[in-house]
Amino acid sequence: MSTSGQQQFRYTQTPSKVLHLRNLPWECSEEELIELCKPFGKIVNTKCNVGANRNQAFVEFADLNQAISMVSYYASSSEPAQVRGKTVYIQYSNRHEIVNNKSPGDTPGNVLLVTMEDVQPGDVTIEVIHLVFSAFGFVHKIATFEKAAGFQALIQFSDVETASAAKNALDGRSIPRYLLLEHVTSCHLRISYSAHTDLNIKFQSHRSRDYTNPYLPVNPTAFEGFVQPVLGTDGIKKEQESNVLLAAIENMQYAVTPDVLHTVFSAFGTVQKIAIFEKNGQTQALIQYPDVTTASVSKDALEGHSIYDGGYCKLHLTYSRHTDLNVKAHSDKSRDYTIPDSGMLPGQQTSSYPTAPATPWQNPQAAAGYPPSGYGTAAPMGPQNQVPSWDPSLQAGRQTFVSVPSTFPGQTFALSPGVAYVSAPVSPAQAVSSPLVQSSHVRPPGAASPAGQAAYYR
DNA sequence: AGCACA
């Protein structure tokens with residue numbers, strides 16, 4: 001019992017038939033899981049693609065001893081458990097059975113429920129959805145709606161076969177970027193079967209279509225008053241600018257506080273308000289500037305950059321629909337910098353940073369070879385590092401990372417850490433002179449492979 | 001790299 005050594009923590013949990021596996025490759029299949037676990041016993045249930053990164057899973061053995069044998073084996077093995085060459089960490093789950101594994105969403109039907117991750121409703125138009133799914137057969141009807149899970153669409157095919165073909169081909173993939181709005185960096189598709197068999201579409205509108213009934217009335221109010229991105233003539237691209245930026249923070253290994261964001265975003269102008277919140281398991285933030293131009297410059301300069309080197313806390317910026325945030329003046333999730341802070345000058349607001357020990361924009365060399373193992377490697381951020389307003393000299397000395405351009409969503413962790421320096425950081429002056437919104441050029445749909453598959457990003 | 005709710 002007294003196994004001395006570093007792995008003793010593995011035994012601190014009470015054994016369970018259910019094992020919790022983490023650090024799996026993204027979208028690890030059930031087959032791969034079973035392959036890994038079946039040498040140790042009979043697997044009666046699994047739950048894959050769990051967690052925000054879909055890189056965790058649960059495996060339930062028929063017998064407790066089988067689970068124990070697997071944990072024990074890898075606890076003492078010199079070779080770690082691996083899937084696709086990635087070390088998998090195994091521990092006992094704190095639950096004793098996997099519940100609800102077979103959801104209704106696994107029962108095939110002719111209607112698919114598609115969840116588009118990491119996008120705002122309206123970022124993906126119904127035309128694009130139609131285009132993407134038409135590659136597998138005639139799409140009868142589409143209804144889109146906003147749920148807590150995100151932006152969702154019900155897509156009705158003629159039959160189960162067509163629907164499952166589309167599901168198999170597209171589930172877990174991303175809509176090719178050239179079909180997306182300029183500011184939309186990725187659109188993962190999560191697809192399950194709906195229990196519906198026939199959708200009841202009442203109007204042709206920006207959120208619902210019935211392609212079997214061209215005479216269906218067009219909802220007269222459906223297209224106007226629509227705050228979502230304005231559709232271009234091709235119905236595919238265009239975005240609405242705003243003085244408020246929405247930042248989706250990817251790969252958030254460090255705490256991101258309002259003050260950290262303030263430091264980063266103040267480089268381009270006065271930051272008025274900041275709000276941080278969780279959405280769909282991802283941390284997002286709203287950053288309010290006084291005007292659209294400042295927001296636009298900031299957005300162009302910071303998009304895709306990471307707050308910390310190594311690709312941590314990577315920012316994806318879009319324009320928010322908000323124009324004026326209503327936030328608590330001083331909480332751990334929000335700040336209103338427009339409210340005069342008695343006894344505190346604006347530049348002194350850095351005085352209390354309980355949770356922001358890492359230095360944004362730190363010199364990459366400083367951390368080279370030091371994978372982030374906590375906050376220790378980063379120097380505490382002091383007032384001297386605060387950037388209250390634009391200062392070219394600071395910007396010149398500031399080095400930032402940008403991920404390799406070909407980094408696809410979901411592969412972020414799997415890709416080599418080949419990050420590239422932005423050798424000439426974008427200065428606001430340059431950014432202003434360059435177009436704020438790129439041309440709405442869209443490659444023709446024919447550019448997609450006929451099967452509609454090769455073009456989709458894994 | 002640390003627990004599942006759609």
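None of these values were measured; they are calculated from a predicted model.
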Fill in the blank from the handout: By side-chain contact (heavy atoms from CB on, under 4.5 Å), A:V44 pairs with (sequence neighbours left out) A:E60, A:A62

Exercise for the section: Would you check if A:Y89 stacks with the base of B:dG2, given a 5.5 Å centroid limit and a 30° plane limit, both strict? Expected result: no

Handout entry: A:I98 CD1 - B:dC3 P separation (whole Å)
Key = 15 Å

Handout entry: Below 4.0 Å: OP1/OP2 of B:dA4 and any side-chain N or O of A:R95
Key = yes

Completion exercise
note: A:R190, atom CZ; B:dC5, atom C1'; distance rounded to Å ~ 16 Å

Fill in the blank from the handout: The answer to which of A:T115 and A:Q56 contacts DNA chain B further toward the 5' end, by nearest nucleotide, is A:Q56

Practice task
Starting at atom CG of A:L21, determine the distance to atom P of B:dA4, rounded to an integer number of angstrom.
Solution key: 15 Å

Practice task
Apply salt bridge (Lys or Arg N to Asp or Glu O under 4.0 Å) to A:E97 and list each qualifying residue two or more places apart in sequence or on a separate chain.
Solution key: none

Handout entry: For atom NE2 of A:H20 and atom P of B:dG2, their distance in whole Å
Key = 8 Å

Problem - Neighbour count above 12 (heavy atom, 6.0 Å) for A:N326 CG - result: no

Problem - Shortest non-hydrogen contact between A:C313 and A:M252, atoms and distance - result: SG-CG, 3.7 Å

Practice task
Starting from P on B:dA6, measure out to CD on A:E117 and report it in whole angstrom.
Solution key: 13 Å

Problem - Separation of atom CD in A:Q91 from atom C1' in B:dC3, rounded to whole Å - result: 8 Å

Completion exercise
When rounded to whole Å, the CG to P distance for the pair A:L33 and B:dA4 reads 16 Å

Exercise for the section: Could you check how far CZ of A:R54 sits from P of B:dA4, rounded to whole Å? Expected result: 13 Å

Practice task
Between B:dC5, B:dC3, B:dA1, spot the one nearest the side chain of A:N23, thanks.
Solution key: B:dA1

Problem - Touch class at under 4.0 angstrom, heavy-atom based, for A:E60 against every strand present - result: nothing

